[in-house]
Each structure stands twice: as C-alpha cells, then as structure tokens.
Peer 1: 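Please find one structure pasted underneath; my questions will follow.
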Amino acid sequence: MPDIPGRSAPPPPKHTARVVTLHGELDLLTAPALRARLDDVTARPCPDLVLDLRPVSFIDCSGLGVLCRVRNRIRARHGRLRLVTGSTRLARVLRHAGLAEAFEVLPGMPGGIGTPGVETADRAAL
C-alpha cells in the first residue's frame, strides 16, 4: 500500500516482556522440554524474557545449564533476561556455581509487568 501524503506511519509495536512461570523441579528429567520451550520463546530478535522461578522447588546443574543457554541466546539476540525468585535459595545456588554475576535476579516481579502494554504470556508450567 503506498504512503498517503500528510498521514503518519503507524507507530511501531510496543516492546513487551514475556513472562514464563516455571514450576516444580528443573533437573535432568525436565531440562529437555524446558530447553525446547525457551528456545521457542527466545527465537525472535530482542527478546525480553522474565522467568518467574518462585514456584521452582529444586534446580540442578541441568536446570542451570538451561538458564545459561537461554541467557546466551537472549544476549546473542540483543535482548534481556530477568530471573524472579522470592527466596535467597536460587541466589545461593547461582553464587556457588559461579554464575551470580551472569543473571539479573529480582526478588519480585519487575515494575510494569502485568500492566497495559506488557504481554504476560506463556505462564507455562513445566
């Protein structure tokens, strides 16, 4: 469709964060399905992903590997990853694994999430 003189172009789509809530254990058994799901979520350019880990009860090295993979994919696509955890347990695990500085870890949902203009999608249970 040709441009019509005197009319402005439509505004670009608003940047939205995707929230994925994980439940239960992130371990050797659940890592393959989680990896595949997060690969789908991070396939587009500039992904903004919030992983809500508050319902996670356990994470092992396989789960940490998936988190590192998603972080690398997002960084390669010039996006942003935030991990939400309500306890110090995950922070302690990240610190002991030497990954404390690798992730942006938040104690609660970031401001703006759940407000108009921010997509809260894929509240998937894995």
Side-chain angles (χ1 to χ4, degrees):
M1 176 186 292
D3 288 334
I4 300 172
R7 296 198 61 182
S8 62
K14 290 186 178 183
H15 181 71
T16 58
R18 294 189 75 170
V19 176
V20 177
T21 302
L22 305 178
H23 298 271
E25 298 179 355
L26 304 184
D27 57 14
L28 185 61
L29 184 62
T30 61
L34 177 58
R35 181 174 35 254
R37 180 65 186 124
L38 294 179
D39 281 356
D40 288 342
V41 171
T42 60
R44 64 185 172 95
C46 301
D48 185 359
L49 178 61
V50 177
L51 286 180
D52 186 356
L53 302 174
R54 292 175 293 183
V56 170
S57 59
F58 176 79
I59 187 166
D60 71 3
C61 61
S62 298
L64 289 175
V66 172
L67 294 181
C68 289
R69 176 184 172 85
V70 74
R71 181 205 55 181
N72 293 341
R73 287 177 56 85
I74 288 173
R75 289 179 72 178
R77 290 165 175 78
H78 307 286
R80 183 177 184 191
L81 172 64
R82 290 167 281 178
L83 306 180
V84 177
T85 179
S87 73
T88 58
R89 184 186 67 227
L90 178 62
R92 195 172 337 124
V93 169
L94 293 173
R95 187 175 61 250
H96 289 305
L99 297 170
E101 301 300 318
F103 295 97
E104 182 179 354
V105 180
L106 305 173
M109 216 37 94
I113 299 294
T115 61
V118 177
E119 175 188 0
T120 305
D122 298 312
R123 294 185 91 51
L126 290 176

Peer 1: Give me each pair satisfying side-chain hydrogen bond (donor to acceptor under 3.5 Å, both in side chains) with a member in residues 101-110, each pair once, sequence neighbours excluded.
Peer 2: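 As it turns out, the side-chain hydrogen bond (donor to acceptor under 3.5 Å, both in side chains) pairs with a partner in residues 101-110, which skip direct neighbours, are Arg80-Glu104.
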Peer 1: For Pro55, what residues pass the side-chain contact (heavy atoms from CB on, under 4.5 Å) criterion, not counting sequence neighbours?
Peer 2: Thr21, His23, Asp52
Peer 1: With sequence neighbours left out, write down each residue that passes side-chain contact (heavy atoms from CB on, under 4.5 Å) with Thr88, or none if nothing qualifies.
Peer 2: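 Result, side-chain contact (heavy atoms from CB on, under 4.5 Å) vs Thr88: Arg92.
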Peer 1: Over all heavy atoms of both residues, which pair between Met109 and Val19 is shortest? Give the atoms and the distance, please.
Peer 2: CE-CG1, 4.1 Å
Peer 1: To check you understand the geometry: which heavy-atom pair defines the closest contact between Val56 and Leu22, and what is its length?
Peer 2: CG2-O, 3.6 Å
Peer 1: Side chain of Asp27, backbone of Thr30: donor and acceptor closer than 3.5 Å?
Peer 2: yes
Peer 1: Just jot down the side-chain contact (heavy atoms from CB on, under 4.5 Å) partners of Ala97, sequence neighbours excluded, or say none.
Peer 2: Leu64, Leu99
Peer 1: Does anything in residues 60-72 pair up under salt bridge (charged side-chain N to carboxylate O under 4.0 Å, His left out), and if so which pairs, sequence neighbours excluded?
Peer 2: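 As it turns out, the salt bridge (charged side-chain N to carboxylate O under 4.0 Å, His left out) pairs with a partner in residues 60-72, which skip direct neighbours, are Asp39-Arg69.
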Peer 1: Looking at residues at least two apart in the chain, or sitting in another chain, which of them share a side chain to side chain donor-acceptor pair (under 3.5 Å) with Thr42?
Peer 2: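 Counting only residues at least two positions away or on another chain, Thr42 forms a side chain to side chain donor-acceptor pair (under 3.5 Å) with Arg73.
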Peer 1: Evaluate Leu49 against Leu38 for side chain to side chain contact (heavy atoms under 4.5 Å, CB included), listing each step before the verdict.
Peer 2: CA-CA 9 Å; Leu49 178 61; Leu38 294 179; 4.3 Å; yes
Peer 1: Residues in side chain to side chain donor-acceptor pair (under 3.5 Å) with Arg77, at least two apart?
Peer 2: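 Here no residue qualifies.
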Peer 1: When you look at Leu34 and Leu26, which way does the side chain to side chain contact (heavy atoms under 4.5 Å, CB included) test go after all the steps?
Peer 2: CA-CA 8 Å; Leu34 177 58; Leu26 304 184; 3.8 Å; yes
Peer 1: Given side chains that start at C-beta, do those of Arg37 and Val20 come closer than 4.5 Å, heavy atoms only?
Peer 2: no
Peer 1: Side-chain contact, heavy-atom cut-off 4.5 Å: Leu53 with Ile59?
Peer 2: no
